[in-house]
Amino acid sequence: MTKETHIALAPMEGVVDHLMRDMLTRLGGFDLCVTEFVRVVDQLLPARVFHRLCPELLDGGKTPAGVPVRVQLLGQDPTCLADNAARAVELGSPGIDLNFGCPAKTVNKSKGGAVLLKETQSLYEIVHAVRQAVPSAFPVTAKMRLGFEDKSLAIDNALALEAAGASLITIHARTKVEGYNPPAYWDWIARIKQQVKVPLVANGEIWSAADAALCQAQSDCHAIMLGRGALSLPNLAAVIKQHQAPMSWDEVRKLLTRYSGYEIYGDKGKYYPNRIKQWLGYLKRQYVEADALFARIRAMQSSEQIVEALQQP
Ligand SMILES: Cc1cc2nc3c(=O)[nH]c(=O)nc-3n(C[C@H](O)[C@H](O)[C@H](O)COP(=O)(O)O)c2cc1C
């Protein structure tokens with residue numbers, strides 16, 4: 001793996017918020033983060049909505065470790081998306097990412113996310129409008145799946161995104177129907193790459209340095225995006241890029257303890273207990289100890305109790 005592998009941290013709604021971005025980017029290896037999606041329906045959103053999902057906007061659009069954070073928008077109305085994109089950039093987002101991959105039912109009913117993959121022309125119109133509205137120095141990028149039910153439009157959709165002015169396309173190498181189940185069809189990214197000139201980022205099912213190398217080979221794509229893999233092995237980006245050893249369970253326990261210091265005030269103290277249980281769900285794929293810890297803290301409601309449990313090996 002060469003040094004210059006570009007690694008992005010995947011947007012994950014309800015999971016990768018600014019605190020998680022801070023924790024993970026401090027561990028090294030990441031070049032870019034993308035926010036959880038900002039849902040755009042029919043109005044220009046107030047600044048506070050952007051600041052809530054991306055507090056980094058108040059800090060130069062970067063995590064404390066200095067990794068840029070790009071705001072992601074999800075919606076179907078080109079004009080409204082364009083207006084909100086311009087606002088996000090004015091507020092300090094170093095570019096805009098557009099979500100064409102979200103499988104959630106409520107999202108698809110209001111026609112955002114993956115359902116748009118059935119409408120190549122809509123993809124074009126959205127990206128075109130957003131590109132026109134955002135100053136050219138700021139990248140407008142898109143994140144797509146290979147399709148909705150099948151992959152028949154994968155290449156046409158990528159070509160439409162490119163023609164509309166997307167400067168980079170991240171491809172989650174599965175259809176909406178394939179959900180998050182393995183495998184990811186990395187070879188499809190290589191097929192798309194034969195037709196499309198803009199840089200592509202390969203995403204899906206990268207859990208280890210070996211997976212990253214295989215994905216790069218099969219997708220013919222150097223840049224990668226890590227989602228669940230980075231939650232399951234927190235220093236995965238540094239393992240891939242800097243050949244670091246995977247974190248030991250002891251180091252992970254320290255990380256989880258440090259996370260308690262990130263408690264959000266005014267959340268009735270539920271943030272840390274809920275989020276740490278959620279995180280352990282991802283960690284147990286890599287660490288058997290995470291399962292036992294989860295069982296121990298499952299019923300605990302307070303951060304203090306959980307931190308105490310974390311101290312016991
Ligand atoms: C809980 C969860 C939330 C997600 N939220 C978003 C999102 O807000 N925007 C987006 O483009 N993708 C979202 N995704 C998809 C991920 O960014 C990524 O494409 C997917 O998890 C595949 O990568 P992985 O196999 O490395 O996890 C989400 C995935 C999960 C599991």
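All ligand and atom numbering here is 1-based and tracks the order in the structure. Numbers here simply count residues along the sequence, with the first being 1. Remember, it's a predicted structure, so these values are computed and weren't measured experimentally.
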Tyr272-Tyr259 aromatic ring centre distance below 6.0 Å: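 Centroid distance Tyr272-Tyr259: below 6.0 Å, so yes.
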Close approach of Gly204 to ligand 1, heavy atoms, under 4.0 angstrom: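 A heavy atom of Gly204 does come that close to ligand 1.
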Arg145 touching ligand 1 at heavy-atom level, < 4.0 angstrom: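 Judged by the 4.0 Å heavy-atom criterion, Arg145 does not count as contacting ligand 1.
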Under-4.0 Å salt bridge between Arg87 and Asp83: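 A salt bridge is absent here (no side-chain N lies under 4.0 Å from a carboxylate O).
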Ion pair check, Arg253 and Asp250, cut-off under 4.0 Å: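 Looking at Arg253 and Asp250, the cut-off is met.
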Spacing of Leu73 atom CG and Asn99 atom CG [to the nearest 0.5 Å]: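 If I round to the nearest 0.5 Å, the distance is 9.5 Å.
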In ligand 1, which numbered atoms sit nearer than 4.0 Å to a non-hydrogen atom of [X]?
{"X": "Arg174", "value": "22 (C), 25 (O)"}
{"X": "Glu205", "value": "24 (P), 25 (O), 26 (O)"}
{"X": "Val15", "value": "1 (C)"}
{"X": "Ala10", "value": "17 (O)"}

Residues forming a ring pair (Phe, Tyr, Trp, His ring centres under 6.0 Å) with Phe138, sequence neighbours excluded: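 Phe138 satisfies ring pair (Phe, Tyr, Trp, His ring centres under 6.0 Å) with no other residue.
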Heavy-atom nearest option to atom 27 (O) of ligand 1, drawn from Arg228, Gln278, His172: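 Nearest heavy atom to atom 27 (O) of ligand 1 lies in Arg228.
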Of the listed options Asn99, Asn203, Asp211, closest to atom 19 (O) of ligand 1 (non-hydrogen atoms):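 Nearest option to atom 19 (O) of ligand 1, by heavy atoms: Asn203.
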Ignoring hydrogens and geometry, is there a side-chain-to-backbone donor-acceptor pair from [X] to [Y] under 3.5 Å?
{"X": "Ser93", "Y": "Gly95", "value": "yes"}
{"X": "Asn157", "Y": "Gly147", "value": "no"}
{"X": "Asp42", "Y": "Cys80", "value": "no"}

What residue and atom, counting heavy atoms only, is the protein's closest point to [atom], and at what distance?
{"atom": "atom 8 (O) of ligand 1", "answer": "Phe37 CD2, 3.1 Å"}
{"atom": "atom 5 (N) of ligand 1", "answer": "Glu13 N, 2.7 Å"}
{"atom": "atom 13 (C) of ligand 1", "answer": "Pro11 O, 3.0 Å"}
{"atom": "atom 21 (O) of ligand 1", "answer": "Tyr180 CE2, 3.6 Å"}
{"atom": "atom 11 (O) of ligand 1", "answer": "Gln72 NE2, 2.8 Å"}

Can an N or O of [X] be found at a distance shorter than 3.5 Å from an N or O of ligand 1?
{"X": "Gly227", "result": "yes"}
{"X": "Leu226", "result": "no"}
{"X": "Glu36", "result": "no"}

Side-chain H-bond candidate by donor/acceptor type, Trp207 with Glu205, under 3.5 Å: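 Yes.
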Lys143 contact mode with ligand 1 (heavy-atom cut-off under 4.0 Å):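 Side chain only; the backbone of Lys143 stays clear of ligand 1.
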Within reach of ligand 1, part of Met12 (heavy-atom separation under 4.0 Å):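 Both backbone and side chain of Met12 come within 4.0 Å of ligand 1.
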Arg145 to Tyr180 six-membered ring, cation-pi geometry met (6.0 Å, 45°):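 Judged by the rule, Arg145 and Tyr180 form a cation-pi pair.
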ILVMFWY cluster, Met23 and Val307 together (side-chain gap under 4.5 Å):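 The answer is yes; both residues are in one hydrophobic cluster.
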